Amino acid sequence: MTSKFKSVPVKSSEITPYSVYLSRREFLKAAGIVSGSALLAACAPSVTDSAVPESEAPVAASELVDELGDPANTFEDITNYNNYYEFTTDKEGVARLAQKFTPKPWTVEVYGLVNKPKTYDIEDLLSRFTQEERIYRLRCVEAWSMVIPWTGFTLASLLKEVEPTSAAKYVRFETVYRPEEMPGQKSRFYPWPYQEGLRLDEAMHDLTILATGLYGEPMPNQNGAPIRLVVPWKYGFKSIKSVVKIELVAEQPATLWNTVAPNEYGFYSNVNPEVPHPRWSQATERRIGEFGRRETLMFNGYAEEVAHLYDGMDLSVYY
Ligand SMILES: Nc1nc2c(c(=O)[nH]1)N[C@H]1C(S)=C(S)[C@@H](COP(=O)(O)O)O[C@H]1N2
Ligand SMILES: [Mo]
């Protein structure tokens with residue numbers, strides 16, 4: 001089964017807090033039906049239907065899988081295997097180093113080619129914009145991936161509020177610069193602060209969100225607290241963490257990875273199994289928590305929604 005389900009937004013009232021989620025899982029375990037993540041897949045045969053009250057099992061299962069039927073990674077995996085070079089390049093060391101980071105108070109400045117520039121407090125963003133759950137695949141350029149149940153809101157809803165002018169063609173994002181809290185920012189290898197960018201139509205796409213949490217919890221520090229970009233059809237490095245500035249600009253902005261290694265990390269960086277990284281293949285990936293490898297999907301499985309954005313572009317060149 002392929003795209004029977006869409007990654008449609010859900011009402012915030014339908015979001016399962018992590019605690020409730022856990023107790024449901026415990027319930028399912030007690031009922032003897034959680035013996036492995038495969039059983040949570042929507043496609044799994046429903047041999048246990050009779051043993052499980054209808055209000056429990058199908059709801060829990062549907063909240064835990066993406067639209068392809070792949071189960072979400074565990075909270076444990078998502079929060080202990082991270083790329084966040086401001087802390088360390090050791091993926092398993094980010095969680096500990098990020099504990100000291102203070103995500104509050106926090107403001108996000110939205111400015112540049114807009115009619116109504118505005119600086120938002122994080123509380124503002126949380127109350128003003130409907131928080132939805134989005135279960136997305138995240139595909140790192142290093143060829144590993146996870147499925148993550150984010151909460152957040154569309155970047156489009158924020159951009160509409162500030163009214164980009166007709167001169168605005170791109171959006172530039174910047175991560176906080178706090179070397180005293182982020183030891184990796186003392187490294188002179190990288191041009192801090194981390195920057196990223198999107199074309200305006202990519203930024204306005206409904207799949208593009210500003211995520212404020214995961215598993216119904218506020219965003220963990222190691223995942224980019226208190227607010228980070230998530231662009232699910234692009235390699236993970238485009239999904240910039242701990243954003244403090246969003247600037248509407250006329251020209252394609254510089255990005256950290258494109259500046260450091262332009263031949264390895266393009267501006268677009270759409271997931272594409274057919275275009276290898278100069279140093280490794282992108283044809284397959286390792287899903288964290290699984291054995292073996294899976295085929296990488298064009299646009300990370302979101303082609304139906306986003307391929308039209310790149311009509312006329314030579315996708316074998318625009319890495
Ligand atoms: N500011 C900042 N954002 C960042 C990164 C980073 O090092 N710094 N790493 C990127 C990369 S390479 C990936 S794969 C994802 C990882 O997100 P996760 O740790 O929440 O899974 O964050 C991206 N955003
Ligand atoms: Mo990545």
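Hydrogens, waters and symmetry mates are skipped; everything else that's a heavy atom, side chains included, is used. In listed order, ligands and their atoms are each counted from 1. The first residue of the sequence shown is numbered 1, and numbering continues consecutively from there. Keep in mind that this is a model prediction, so the values were computed, not measured.
- The shortest N/O to N/O separation between Asn83 and ligand 1 falls below 3.5 Å.
- Residues Lys241 and Tyr84 are in side-chain contact: their nearest non-hydrogen atoms beyond the backbone lie under 4.5 Å apart.
- Only the side chain of Glu86 comes within 4.0 Å of ligand 1, counting heavy atoms alone; its backbone N, CA, C and O stay farther away.
- When side chains are defined from C-beta on, Glu196 does not count as touching Arg172, because their heavy atoms never get closer than 4.5 Å.
- By the 4.5 Å heavy-atom criterion applied to side chains, Phe237 and Ser269 are counted as neighbours.
- Atoms of ligand 1 found under 4.0 Å from any heavy atom of Cys140, numbered from 1 in the order shown, are 14 (S).
- In terms of N/O distances under 3.5 Å, ligand 1 is not approached by Tyr81.
- Proximity annotation for atom 2 (C) of ligand 1: of Tyr194, Phe173, Trp192, Phe87, Tyr194 comes nearest, heavy atoms only.
- Using modelled atom types and a 3.5 Å distance limit, the side chains of Glu142 and Asn83 yield a donor-acceptor pair.
- For Ser145 and Arg287, the side-chain atoms include at least one donor-acceptor pair closer than 3.5 Å.
- Contact atoms of ligand 1 toward Thr175: 1 (N) (distance under 4.0 Å to a heavy atom of the residue).
- For Lys238, no heavy-atom contact with ligand 1 is shorter than 4.0 Å.
- Residue contacts with ligand 1: Tyr85 is placed with a nitrogen or oxygen under 3.5 Å of a nitrogen or oxygen of the ligand (distance criterion only).
- Heavy atoms of Tyr84 found under 4.0 angstrom from ligand 1 belong to the backbone as well as the side chain.
- Nearest to atom 19 (O) of ligand 1 by heavy atom, out of Lys241, Glu174, Gln222, is Lys241.
- Taking every non-hydrogen atom of Ile240 and a distance limit under 4.0 Å, the qualifying atoms of ligand 1 come out as 3 (N), 24 (N).
- Shown in contact with Ser239 at under 4.0 Å from a heavy atom are these atoms of ligand 1, numbered in order with element: 22 (O), 23 (C), 24 (N).
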